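Naming: A, B, ... by sequence-line order, numbering from 1 per chain. As the structure is a computational prediction, the values presented were derived from the model and not from experiment.
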Protein chains: 2
Amino acid sequence: MEDKFQLLKQHFEEIVSLTDEEWNFVQSHFEFKSLKKHQFLIQVGQPVDFEYWIIKGLVKAYSIDEKGKEHILQFAMENYWVSDHCAFQHQEPGTIFVDCLEDSEFFCLSLENREKICFEVPAVANFFRIKSNHGYINLQQRILSLLTMTAESRYEYLLNKLPTLIQRVPKKLIASYLGVSRETLSRFNS
Amino acid sequence: MEDKFQLLKQHFEEIVSLTDEEWNFVQSHFEFKSLKKHQFLIQVGQPVDFEYWIIKGLVKAYSIDEKGKEHILQFAMENYWVSDHCAFQHQEPGTIFVDCLEDSEFFCLSLENREKICFEVPAVANFFRIKSNHGYINLQQRILSLLTMTAESRYEYLLNKLPTLIQRVPKKLIASYLGVSRETLSRFNS
DNA sequence: AGCTAAAAGTGACCTAAATCACTTTTCCAT
DNA sequence: ATGGAAAAGTGATTTAGGTCACTTTTAGCT
C-alpha cells in the first residue's frame, strides 16, 4: 500500500510541493478501493460519495439515453481522476454510470475530506485548482472538436492523442466516445 | 471604479471569505479595461496576457475553421470569466478569437498575478479551484448534450437554461454555439 | 423618417452519417 | 482445443441536418 500512496504523492508533486507532515495529513484522507472488470464505481440514482484517483486500471464514464444507447463522457486510466463530478459536488444521486473496463484500483476522496485538505493545506487547493483548470482546457478542446471536425478527423485526432487507449478499448466504445456509430467508425481507416 | 471592484469582491465572496487586507491585496492585481462592440479582446496568433472577468457587457469566444465558418465555444457576460485558457495557461499565441457583442468592461488578471494571489492568499486558490470545478461540470454537460441530444432539443435546452442570452444574441450565433446551421435552427420553434 | 445592412425565414436539393440486417473475426472460458 | 459470445466488418436504405439561392424582416445610422 505504501508504494501506491507513493504514486499518489508523485502525482501531487508534479504540480505542487508538500512537506512530509502535509503529505501524511493529506494521505490519511484517502481510502483504498479495488474493483474487478465490469464492476460499477458509480451508478445512476446511487449516492456519489467520492472522487476517485486511479492507481491502476481503466474505467468508462457514460450515460444511457432513452433508446438505451450508451454515450461515453470520459475514459479514465492510471493517474486520472474520475467521478460524477456534478452529482458529487452537489451531493446528489448519480446521473451517470462509471464501470471498470479492466480490474482497477482507486484512492477515494470524499467531498468533506477534499474540502478539509484544501482548506488546511493551501498547496492542495492549488493542486486541485491547477488540475481542474487543465481538465477545463481539455473539455474545451473536445467541444471544439465536436463542433468543427468531422467524425473521421476526430478519430484520427484521438488515435494520435491517445494511441495506447485504442489498444485497451473496443472500437465500439471509441465510437461512442466520438459520437459516431460503430458501423461508421468501422468504415473509416487508416 | 470603487463600485466596480465592489462587484468583483462580491463575486469572490459568494464562494470564499476574505479579510479587508486580503481583498486589498487581491484587488491591486487586477487591471481595468473597456471595449466597444466589435472590438477584440483576444485574437488568434496574438499574445494572451490576461484572463478577464466581465464587469458588464457580452462577448463571444470562437474559432474559425478552414472554410471560414465560425464555431462558438462560449458566450460570456456579467460575472463570467473568459480567456483563451489554453493559450493563457501555456503563455502561447492565441488559438481563438474573443470579441465584444456589446460595449463591455473587464477586470484583467495576468498569469503571474493569478499565481501570486493564489499562493499568497489560500482563499483565492480555493475560489479559483471551486470556480474551475463548476466550469468543468458545465462543459461536461455541454459535451453530453452534443453527444446525446438532437439539435432541436439542444436549442430548447438552451432556451430554458439561458433565456436572457437569446434576447441579447442573434440567432445565427446561437446556431453556431449549438453546432447547427442558421437555416436549420430557423426551422425549429417554439 | 428613411436607407442600408445584418438577421431571419423558406424552398429545393444534397450528403454525411445513422440504422438495419447480416456475415466474419476475435476473444475468452471451460 | 473448442464452442459461444462479443466485437468488427459490410451492404442497402433512411434521415437529420447541411448547403445554396432567394425573399422578408428587423435593427442601426445619419
Enquirer: Is A:Glu156 paired with A:Lys161 through a side-chain N to carboxylate O contact shorter than 4.0 Å?
Expert: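 Answer for the salt bridge query: no.
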Enquirer: On DNA chain C, does the nearest nucleotide to A:Leu185 precede the nearest nucleotide to B:Pro170 from the 5' side, or the other way round? Give the residue.
Expert: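 The answer here is B:Pro170.
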Enquirer: Output the rounded distance in Å from CG (A:Leu147) to C1' (D:dG18).
Expert: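 Checked: the CG to C1' distance equals 15 Å.
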Enquirer: Are B:Tyr52 and B:Tyr80 close enough that some pair of their side-chain heavy atoms sits under 4.5 Å apart?
Expert: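 Of all side-chain heavy-atom pairs linking B:Tyr80 with B:Tyr52, none is under 4.5 Å.
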Enquirer: Based on the rotation axes of five pairs at each end, what angle does the helix from C:dA1-D:dT30 to C:dT30-D:dA1 bend through, to 10°?
Expert: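 Comparing the axis at each end, I get an angle of 60°.
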Enquirer: Report yes or no: is the cationic atom of B:Arg142 (NZ for Lys, CZ for Arg) under 6.0 Å from the centre of the six-membered ring of B:Tyr177, at an angle within 45° of the ring normal?
Expert: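 Ring-cation test returns yes.
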Enquirer: Establish, yes or no, whether a centroid distance under 6.0 Å links the rings of B:Phe30 and B:Phe5.
Expert: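 No.
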Enquirer: For B:Arg182 and D:dA21, give me the distance from atom CZ to atom P, rounded to whole Å.
Expert: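 Taking CZ of B:Arg182 and P of D:dA21, I get 13 Å after rounding.
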Enquirer: Under 4.0 Å from OP1 or OP2 of D:dA7: is there any side-chain N or O of A:Lys172 that close?
Expert: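 Looking at the OP1 and OP2 atoms of D:dA7, one of them is under 4.0 Å from a side-chain N or O of A:Lys172.
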Enquirer: Using 30° and 60° as the class boundaries, would you call the ring planes of B:Trp81 and B:His11 parallel, tilted or perpendicular?
Expert: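 Tilted, since the angle between the ring planes falls between 30° and 60°.
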Enquirer: Can you tell me the distance, in whole Å, between the CZ atom of B:Phe188 and the P atom of D:dA16?
Expert: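 It is 11 Å, rounded to the nearest whole Å.
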Enquirer: Is the base of D:dG18 touched by the side chain of B:Arg187 through a donor-acceptor pair closer than 3.5 angstrom?
Expert: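 No pair found.
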Enquirer: Could you give the CG-to-P distance, from B:Asp103 to D:dG28, as a whole number of Å?
Expert: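 Atom-to-atom, B:Asp103 to D:dG28, this comes out as 12 Å.
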Enquirer: What about A:Val59 and A:Leu8, same hydrophobic cluster or not, with Ile/Leu/Val/Met/Phe/Trp/Tyr joined at side-chain heavy-atom distances under 4.5 Å?
Expert: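 No, separate clusters.
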Enquirer: Just N and O in the side chain of B:Thr184: are any of them under 4.0 Å from OP1 or OP2 of D:dG18?
Expert: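 Yes, within the criterion.
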Enquirer: For B:Glu102 and D:dA27, give me the distance from atom CD to atom P, rounded to whole Å.
Expert: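 Taking atom P of D:dA27 as the reference, CD of B:Glu102 is at 14 Å.
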Enquirer: Going 5' to 3' on DNA chain C, which nucleotide is the first and which the last to come under 4.0 Å of a heavy atom in chain B?
Expert: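 First-to-last contact on DNA chain C, by the 4.0 Å heavy-atom rule, is C:dA7 to C:dA12.
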Enquirer: What is the distance, rounded to the nearest whole Å, between atom CD1 of A:Ile174 and atom P of D:dA7?
Expert: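 The answer, rounded to whole Å, is 13 Å.
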Enquirer: Taking the six-membered ring for Trp, are B:Phe12 and B:Phe127 ring centroids under 6.0 Å apart?
Expert: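 So the answer is yes for these two rings.
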Enquirer: Does the B:Ser83 side chain pair with the main chain of B:Phe50, one donor and one acceptor, at a distance under 3.5 Å?
Expert: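 Yes, the answer is positive, given that a donor and an acceptor are paired below the 3.5 Å cut-off.
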Enquirer: Write down the distance between NE2 (B:His71) and C1' (D:dG18), rounded to a whole number of angstrom.
Expert: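 The answer, rounded to whole Å, is 12 Å.
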Enquirer: Over all strands shown, is A:Lys67 touching base, sugar-phosphate only, or nothing at heavy-atom distances under 4.0 angstrom?
Expert: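 Nothing: the residue A:Lys67, judged by heavy atoms under 4.0 Å, touches no strand.
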Enquirer: When the nearest nucleotide of DNA chain D is assigned to B:Thr150 and to B:Lys37 on a heavy-atom basis, which residue is associated with the more 5' position?
Expert: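 By nearest-heavy-atom nucleotide position, the 5'-most residue is B:Thr150.
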Enquirer: Rounded to the nearest angstrom, tell me the gap between atom NE2 in B:His38 and atom C1' in D:dC29.
Expert: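 Between C1' of D:dC29 and NE2 of B:His38: 13 Å.
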Enquirer: Any side-chain heavy atom of A:Ile64 sitting closer than 4.5 Å to one from A:Phe97?
Expert: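 Counting from C-beta outward, A:Ile64 and A:Phe97 do come under 4.5 Å.
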